[in-house]
Amino acid sequence: MKVEILFPEVANLYGDLMNPEYLRRSCPDIELIGTSLRDRPLFADEEPSLIYMGSVTEEGITLAVEALTPYRERLAELIDSGRLFLITGNALDIFGEDISADSGWTQQCLGLFPTHAKYKMMDRYNALYVGSFGDMDIVGFKSLFGHSFGSVEPLFRTLRGDGLNENEKGEGIRKNRFMATYVTGPLLILNPPFTKWLLAEMGAADCTLAFEDAAMELYRQRVSQFKDPSTGIVYH
Amino acid sequence: MNKLRYLIAFITAKLSVIALRLTGHPGTNLPGQLALRICPDFLGRIPKPARIIAVTGTNGKTTLTNLLCDLLEQTGEKVVSNRYGSNLASGIVTALLSGCPLPGRQSATVGVIEIDERSAPRVFPRMTPQLLVITNLFRDSIMRNAHPAYIADLLSRYIPASVKLIVNADDLISCRVAPQCEREYFGIGPMPGDVIECVNLINDMRICPVCHGTLRYDYRRYHHIGRAVCTSCGFSSPDCDYAGSEVDFDKMTMRISDKGGSAVYTLLNDSVFNCYNLLCAVAVMRSLGFDHGQISELASRCSIVATRHESIKAGDITLVMQMAKEKNALACSRAFDYVAGREGEKEIVLMMNCLGDVKHWSENVSWLYDCDFEFLARPDIRCIVATGARALDYRLRLLLAGVEEEKIICVEDEMEAVSRLPFVKGDQVYLFYGTDSLVFAQKVRSRIEELAREAAEK
Ligand SMILES: [Zn+2]
C-alpha cells in the first residue's frame, strides 16, 4: 500500500508529518512516498491508497499550487472516482478557490472546491476542537491565520468550537473519499478510532494501531476534557 | 496636544517608578505600560541614546543582551537596557525611561535593547537602532509565531533600511531577512559532531530560497543550521565576516577571525548555542570599533547566568534543573540532545506542561510531534517520569520515540510522580521544566532533594 505525502519539504508544520508516519507504524505494509515540489506526483500515473498533505508555510502554499496546477484535472478525476485523500491544517485552502490576506497577499488556488480563505496575519486563531465523524468523537486543535467561506459538504460536525469559519458548524470538506480538515494535533494520533476507520478504508482493517492502548487511554481523557463545558475552546 | 500628552505620560510613568520602588516592586514594566496607554507614540517621542544596539531572534536574545551590556559597561559607556524586563514595547519604554532624568534628555550613551521578534511592527517605526543583531530564527510557539518564515517576513517588512544588520550566516532563514538593509555575517566553521543529513524532526530550510531547488548541506549543526548549497542554481550560504573556528570544549576556547585579525576567546560554557552568543557579541564589539585584544580581555570577565541549567548534589544523586521552554519543540529538542550527550546513567522527569493552559483550556500538544523525543531513547537513560496534565501525551510520544514501555513512569501528580524515581547511586536526575513553571519547579526540586537524601540514608 502506497501513501503519497505531498511536498514534505514545505508541508511539515505542527507535527503533521506524524499522521502518515503513524499509519506506517500501525501497518507495516504501508510504504510512505514523499513527493517533492519538482517531482512528478505519484498520483499522476498511479492511484495511491492515500494521498496526504499537512500544514504548510504560506510560501509553501504558493509553491504547492504551482506544482499541482498542471495536475488539476487529474486531481478532480481522482476525487470524483472516490480515491482517498486526507488533507490537514491550512493545506485545505490549496484545494479551494483562493486566499486573501490582510497583509495584501493573495493566492489563486486549485479551485476544486468553492471556498475562499481569508487570513489575518497578525491575529492568529488558536482553538480546541471537538466534533463528530459518524458515531466517532473527533478531537484536536486549530492554529491558523484564518478561515474559509463557501458552501461545501463538511467532514466533521462540530460539537464545541468553530467549523470552517466562526459562523459555520460544519468543519472541513468532504467529497466522496476526499477529506480535508483544519484540525491538527496530529489528527491521526489524537483520534485512534478515526485512524482505524481510515486504515480500513485503505484496505488494512485488521491492523492494530501502534501503541493502541496508550493512544486510546489518551483519546478518552481528551474527549471528556474537551467536552467539559468548563474547558475553554477558543484561546484568547 | 501630542506634546502635552507625552509630558503627562512621562511624568505619570516616572511617578510610577518611584511608587514601585517605595512599595518594593522595582523591575516591572508598569511604567512603560502606563506611558504607552497615555501616549501611544511614547516610544517614538522619548529621547534615545546616541547609539542603539538591538537584539532579536528566536534563541539567545537575553544571553546576548546581557553579554553586550556587561561588555559595554566595562568600557565606561552608560548603558540602558531591558535586560531584566520585558522585550515588548512596554519593556523597551521602561528601559529608555530609566535613562531620562527629564522628558527631553537621555543620559545613557548606549541602548542595548532586546526586541521580541513579533513586536517588530510596534517597535521599528518608532525606534531605529544603528545595529540590529538577529541571532537566529527557529520554530517557536506555533500559537504565536506559526513558523520561522512568517517571522522572517514580518521582520523584512518592518526593519528600516537604514539599520545595519549583524546576522547568522549559518541560518539561511534569518540571514536573508530585510534585503533592504546592509549586513555583516557571523558563523562557525565545521565542528566535531556536525552531520550532513538532518537528524531532527524540525528542518525548516529544505529548499533553495532563490529557485526552490533542493539544498545540499556541506555540514549541519542541528536543524537548518549549517552551510548549504543549492543543487540547481548554485546559491550558497554567505561567507562570514566574523568566523568562529577551532572550537575546543576541552580547553573551552574558540578562535574568532575577521578581516582585521583574530584572537582566541574563552567560551562561556559548553553549549553550541553559547558559542554563537559569544561570537555574536564579539561581532557587535568589532563592528563598534573595539579590537580583539580589548574584547577578549573584557569577555574574560563576563559570565552567563546559569538559570537554564543548574546542578545540585542531593543524597547519592546529582539533580540537574534543566529549563526547556514549554510548547517549544526546538528548545526541548536542543535540551534533550544536550542531556543525551552527557555521560552517565540518567533519570528524567518531564514536566514542561503549560500551567497557564491547564487552567483555562488545554495545551495544544502538536509541538510534541515536532520535538525530538527520540534523543531520549537511550540505554543510559534508566527511566523517564511523564507527569503533569499532559502525562499521557508524553507517554504516547515517548513510546513512539522508541522508549521502552517499562522505562516510562506515568503519574499525573508531580509530587507523587517524583517519588517513583529509583534514585540509584551516582545517577543524574534531570528535571525538565518550562518558563511558566519556575516557581512550581522549585517545589518539585525540594521534594526531589528530600527524597534523594532519604533514599541515600536507606
Ligand atoms: Zn537554487
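Naming convention: chains lettered A, B, ... in sequence-line order (proteins, then strands); numbering from 1 in each chain. Excluded from the calculations below are hydrogen atoms, water molecules and symmetry mates; all remaining heavy atoms, backbone and side chain alike, are included. All figures in this text were calculated on a predicted structure; none of them were measured in a lab.
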Exercise for review: Please confirm whether the backbone N or O of A/Phe141 pairs with a side-chain atom of B/Asn364, one donor and one acceptor, at under 3.5 Å?
Suggested key: no
**Study point:** Side chains of A/Arg38 and B/Ser232, donor plus acceptor under 3.5 Å
**Key:** yes
Practice item. If the plane angle is over 60° it's perpendicular, under 30° parallel, otherwise tilted; pick one for A/Phe145 and B/Tyr150. Key: tilted
Revision key, fill the gap. The reported gap from CG in A/Asp39 to OG1 in B/Thr214 (rounded to nearest 0.5 angstrom) is 8.0 Å
Point to revise | Side-chain donor-acceptor pair present, B/His212, A/Glu9, cut-off under 3.5 Å | key: no
Exercise for review: Report yes if some heavy atom in the side chain of B/His147 is under 4.5 Å from a heavy atom in the side chain of A/Glu59; otherwise report no.
Suggested key: no
Review point. What part of B/Cys198 is in contact with chain A, defined as an atom under 4.5 angstrom from a non-hydrogen atom: side chain, backbone, both or neither?
Key: neither
Check your understanding: What distance separates A/Thr57 OG1 from B/Ile207 CD1, expressed to the nearest 0.5 Å?
Key -> 7.5 Å
Exercise for review: Name the member of B/His360, B/Met205, B/Arg118, B/Arg157 that forms the most heavy-atom pairs with chain A at distances under 4.5 Å.
Suggested key: B/His360
Check your understanding: Measuring heavy-atom distances to chain A, does B/Ala329 have an atom under 4.5 Å in its side chain, in its backbone, in both, or in neither?
Key -> neither
Point to revise | A/Arg124 side chain to B/Ile142 backbone, donor-acceptor under 3.5 Å | key: yes
Practice item. Using non-hydrogen atoms and a 4.5 Å limit, figure out which bit of A/Tyr125 sits close to chain B: side chain, backbone, both or neither. Key: neither
Point to revise | Toward chain B, the part of A/Thr231 with a non-hydrogen atom under 4.5 Å | key: both
Check your understanding: With a 4.5 Å limit on heavy-atom distance, are the side chains of B/Leu154 and A/Met121 in contact?
Key -> no
